[in-house]
Structure formats: C-alpha cells, structure tokens
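The next block holds one structure in the form of structure tokens; read it before the comments.
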There are 2 protein chains.
Amino acid sequence: MGAGKTVTGKTVASPARDPDRKVKSDVTRQKVLTAAARLFSERGFAGATMRDIAAAADMRAGSLYYHFPSKTDLIEVVLDHGVLHVSTAVEQAMAALPPSTSCRARIRVAIAAHLDSILQNGAFASLSRHLQAQVPDEIRRRHVERRDAYSAFWLDLLQAAVDAGEIRADLDIRLTRTFLLGALNAALDWYRPDGKPVETLAEEFTAILGEGMFVPVPPAR
Amino acid sequence: MGAGKTVTGKTVASPARDPDRKVKSDVTRQKVLTAAARLFSERGFAGATMRDIAAAADMRAGSLYYHFPSKTDLIEVVLDHGVLHVSTAVEQAMAALPPSTSCRARIRVAIAAHLDSILQNGAFASLSRHLQAQVPDEIRRRHVERRDAYSAFWLDLLQAAVDAGEIRADLDIRLTRTFLLGALNAALDWYRPDGKPVETLAEEFTAILGEGMFVPVPPAR
DNA sequence: GTCTATAAGTCGATAGAC
DNA sequence: GTCTATCGACTTATAGAC
C-alpha cells in the first residue's frame with residue numbers, strides 16, 4: 001500500500017530501489033501535517049503559530065522550515081490533502097460497484113463514502129470549509145480549482161440520474177448538488193464519534209434527501 | 001424606527017427624552033461592528049487586527065477601545081449580533097402567519113426567512129460557522145448557548161409537523177433539523193447576489209427537502 | 001534533521017493630549 | 001470621542017552550531 005504514493009508538494013522521483021530510504025523524513029512530515037491540520041482548524045490560519053504546530057509535532061519552530069519553506073506552503077499542502085483524501089475515497093467506492101448499479105444506489109454509496117471520509121479525517125476536511133477564506137489569495141485560488149474538480153464529479157453523478165429518469169427532471173441539479181454537499185459537510189460541525197455510526201447516518205441522510213421529509217400526498221385524482 | 005432598540009452589550013437605560021442624544025456614539029459603534037464582521041469573516045479572529053478593523057471604520061486602532069474594552073469583547077458582540085438577527089427575522093415571519101397555517105407552510109416560511117436573513121447579512125451570519133472555533137473558550141461557550149436557543153425553535157417546528165402527521169414519523173427529527181440547518185447555512189459559502197433570487201432558492205430547497213430528489217416509486221402493490 | 005539565537009516586524013492594549 | 005506614541009509580548013523566518 002502507498003509504496004509509490006505521490007505526496008502533494010515535494011516531487012518524489014521514483015520509489016524504485018531501497019524500500020526504506022527517506023522514510024524517516026516522510027514520517028516527520030506527516031506528523032507535522034497532522035498537527036497543522038488540527039491547529040489550523042481549531043485556531044485559524046493566523047491563530048495557529050508555527051511554534052504551536054512544531055510543539056504539537058514534538059519539535060521546535062525552526063525545524064519546520066526544513067520540511068516546508070513557509071507557513072503559506074504548509075497550509076496549502078494541508079488544504080489539498082483534505083480534498084484529495086475525500087475524492088480518492090469516493091472514487092474508490094464508486095469503482096468497486098458493478099457496472100449495472102442503479103443511479104440511486106450509486107448516489108447512496110457516494111454519500112456514505114463522502115461522509116465516512118470527512119468524518120474520519122475531520123481536521124483536514126474542515127479546513128477547506130472554515131479557513132479557505134483566510135489564506136493568501138493565490139493559495140485559495142489554486143485550492144478552489146482542486147475543489148471544483150471534485151464537485152464536478154457530483155454534478156455528473158446527478159446528471160446521469162436525471163438521464164436515467166431516477167431523479168425528478170424539474171430540479172436544478174447544480175443547486176441540488178450544492179445543497180447536498182453543503183448538508184453533508186455540515187456534519188463536520190456537529191458529528192461526535194459517540195453518536196450514531198456513520199453508516200446509519202448515511203442511510204438517514206439519503207432517506208431525507210431521496211424521499212423527502214414530508215409524508216407524500218397523492219396527487220388529487 | 002428602532003428608537004428604543006436594545007443593542008447587545010451596553011445596556012441603554014431609556015430613550016425617553018432627547019431623541020438625538022448619544023446617537024452619534026451608536027452610529028460609530030455600528031460602523032465598527034459592520035467592519036469587524038466583514039474582516040473577521042474574511043481573515044479569521046487572529047487574522048483581523050484591530051488596526052485593520054479601525055481603518056475599515058475610518059478610525060485609528062486606539063479609538064476602538066473607547067467603544068469596546070478588548071478584541072474579545074468586540075467579537076462576542078459581533079457573533080451574537082448574527083444569531084440575533086436571524087432568530088428575530090424568523091420569529092417575525094412566523095408571527096405574521098394566521099394560526100390555521102399548516103406545518104408544511106410554516107416550514108416553508110421559516111426556510112425562506114432564515115435564508116433571506118443570513119444572505120442579507122452574510123458577514124455577521126457566517127462568523128458563527130467559520131470562526132466560532134477560533135475565539136476564546138468562554139466566548140464560544142456563551143455563544144453556543146445562544147445558538148442552541150434558536151436551534152430549539154426548529155426542533156419544536158419539526159416536532160409539531162410530526163404530531164400533525166405532516167412529516168414522516170420514521171425520521172429522527174433532531175438529525176433532520178441539523179441536516180436542514182446545515183444545508184441552509186451552507187448557502188453562505190456559495191450564494192452570489194447575481195444568481196437566483198432568495199425566494200426562488202427557498203422554494204427549490206423546500207422542494208428537495210420536502211418531496212425528495214428521487215422520482216417516487218409506487219410501493220409495489 | 002534538529003537545535004539555539006536572533007533579526008525585523010506586528011500584535012493588543014494603554015496613557016495622555018486635544 | 002478620537003488622536004498619537006509607545007510598551008512588552010509575540011510573530012515568521014533565517015543563520016549557523018551540532
């Protein structure tokens with residue numbers, strides 16, 4: 001697993017020989033990223049200091065600059081790590097489905113995968129929501145591009161369902177997509193691990209979104 | 001209008017005499033609050049400096065301390081101003097409905113009022129979502145209490161609909177409430193004034209949430 | 001790779017003139 | 001009520017020892 005994985009930021013040439021080379025550096029790097037994700041999401045971009053982040057990763061502030069050239073570069077990597085994790089998880093869940101799977105079922109699976117991924121990786125995922133606006137302009141611009149790519153996947157998924165006649169054709173699917181993702185991501189703000197398991201949550205979300213909360217009234221005939 | 005309105009924070013005794021007294025101070029105070037809301041939501045709590053906020057209100061940093069004892073006090077007022085505005089707007093919209101109004105219609109109206117209020121007051125409203133986590137512990141604790149009070153209104157509204165048989169009884173209404181508010185508040189992240197008018201948005205949101213996005217399948221009979 | 005020490009700048013907040 | 005001037009603490013980032 002992950003033997004030749006490309007970590008955002010540094011471009012690693014090839015993992016060909018020496019299976020254990022430069023692993024030590026990557027372990028530290030990952031520890032810094034995890035600490036940074038937590039502190040950025042708790043205190044904001046300006047509020048989380050390099051000293052805080054270093055301390056949370058058992059280091060001193062100066063040492064961070066061996067791994068990341070600046071605070072700005074650090075948060076860009078953390079930010080992208082978040083969307084990358086979610087989109088990868090959802091893509092894999094979709095790829096595992098048999099080709100004959102209905103659009104309804106695909107949407108159910110995508111909701112569950114998205115929810116599972118963001119809740120399991122809370123700090124990284126919530127960054128994009130909570131302090132996307134706080135980072136320098138260029139960082140934000142690039143991040144939004146990467147986010148939009150994932151968002152496009154959902155639009156395709158919903159459009160396919162409309163074409164298959166499984167979603168009501170009178171809906172604005174762009175709006176539906178935004179509404180759906182907004183509702184799912186909001187779970188980051190309130191979900192606590194001691195509550196319902198994520199699978200249950202995904203089922204109930206799909207039920208509300210799919211069938212609606214009102215009791216159906218038969219079209220007066 | 002608003003002659004005797006109670007501004008959060010300072011307790012104003014009575015507006016009895018002198019209709020123009022101490023109005024000058026309140027105008028400045030309001031200008032500071034508006035500037036602070038915008039900058040806090042753009043840059044976070046730590047990222048928006050007192051110098052920035054003062055400049056946006058055409059003042060110098062030192063002058064802010066005549067109106068607010070500290071940066072912490074300032075953001076608490078801004079934060080509360082946000083939820084107060086929304087809950088007031090929704091309460092008024094509900095109060096204007098005839099007593100015979102169905103639960104469905106009440107929910108529709110509440111959604112429209114909530115959406116209208118947060119979108120018209122974006123900077124104030126988004127604070128609670130985006131940097132609630134960045135403020136000192138005690139400020140956050142107090143703010144969450146005020147937020148919960150508004151949230152309780154929605155639970156009552158949904159519960160009444162269940163009792164009236166207008167919402168499917170198999171739903172977890174606490175979860176439904178959270179889901180609904182999450183989806184509505186997410187509009188703060190993407191809504192642009194040049195898009196659909198808020199009324200249209202509210203109708204489509206209610207349609208998705210109320211009737212669901214899937215085309216109904218008749219229960220195989 | 002990580003440390004210490006420090007440069008150069010900014011922060012919140014206060015004091016006192018006007 | 002708003003200003004200027006300033007204090008002390010804290011910030012990102014760098015330099016060089018180990």
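Every chain is numbered from 1 and lettered A, B, ... according to where its sequence line falls, protein lines coming before strand lines. These numbers come from the heavy atoms of this one structure, side chains and all, not from hydrogens, waters or symmetry mates.
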### Query
If you look only at pairs with a residue in residues 181-194 of chain B, which of them pass as a salt bridge (Lys or Arg N to Asp or Glu O under 4.0 Å), with sequence neighbours excluded?
B:Arg129-B:Asp189

### Task
State which residues pass salt bridge (charged side-chain N to carboxylate O under 4.0 Å, His left out) with A:Arg38; sequence neighbours excluded, sorted by chain then number.
A:Glu42

### A:Ile75 CD1 - D:dA13 P separation (whole Å)
12 Å

### Summary
Note: chain A reaches DNA chain C at heavy-atom distances under 4.0 Å over the stretch, first to last nt, 5' to 3', of C:dG1 to C:dT4

### Task
Could you state the atom-to-atom distance from CZ of A:Arg60 to C1' of D:dT14 in whole Å?
17 Å

#### Entry: Reference residue A:Thr176; test side chain to side chain contact (heavy atoms under 4.5 Å, CB included); the match among A:Leu181, A:Ile167, A:Leu158, A:Leu155
A:Leu158

### Query
Start at the 5' end of DNA chain D and walk down; is the nucleotide closest to B:Ala61 or to A:Phe45 reached first?
B:Ala61

Could you tabulate the donor-acceptor pairs under 3.5 Å formed by side-chain atoms of residues 54-64 of chain B, not counting sequence neighbours?
residue : atom : partner : partner atom : Å
B:Ser63 : OG   : B:Arg60 : O            : 3.4

Check nucleotides 6-11 of chain D against the protein and report each pair of N or O atoms closer than 3.5 Å, with its distance, or say if there are none.
none

#### Entry: Carboxylate-amine/guanidinium contact B:Lys196 B:Glu203, below 4.0 Å
no

### Task
Taking salt bridge (charged side-chain N to carboxylate O under 4.0 Å, His left out) as the test, write out the residues that go with A:Arg140, two or more places apart.
A:Asp137

### Query
Which of these passes side chain to side chain contact (heavy atoms under 4.5 Å, CB included) with A:His143: A:Leu127, A:Val83, A:Asp148?
A:Val83

### Message
Can you tell me if B:Arg142 has over 12 outside heavy atoms packed within less than 6.0 Å of its CZ?
### Response
yes

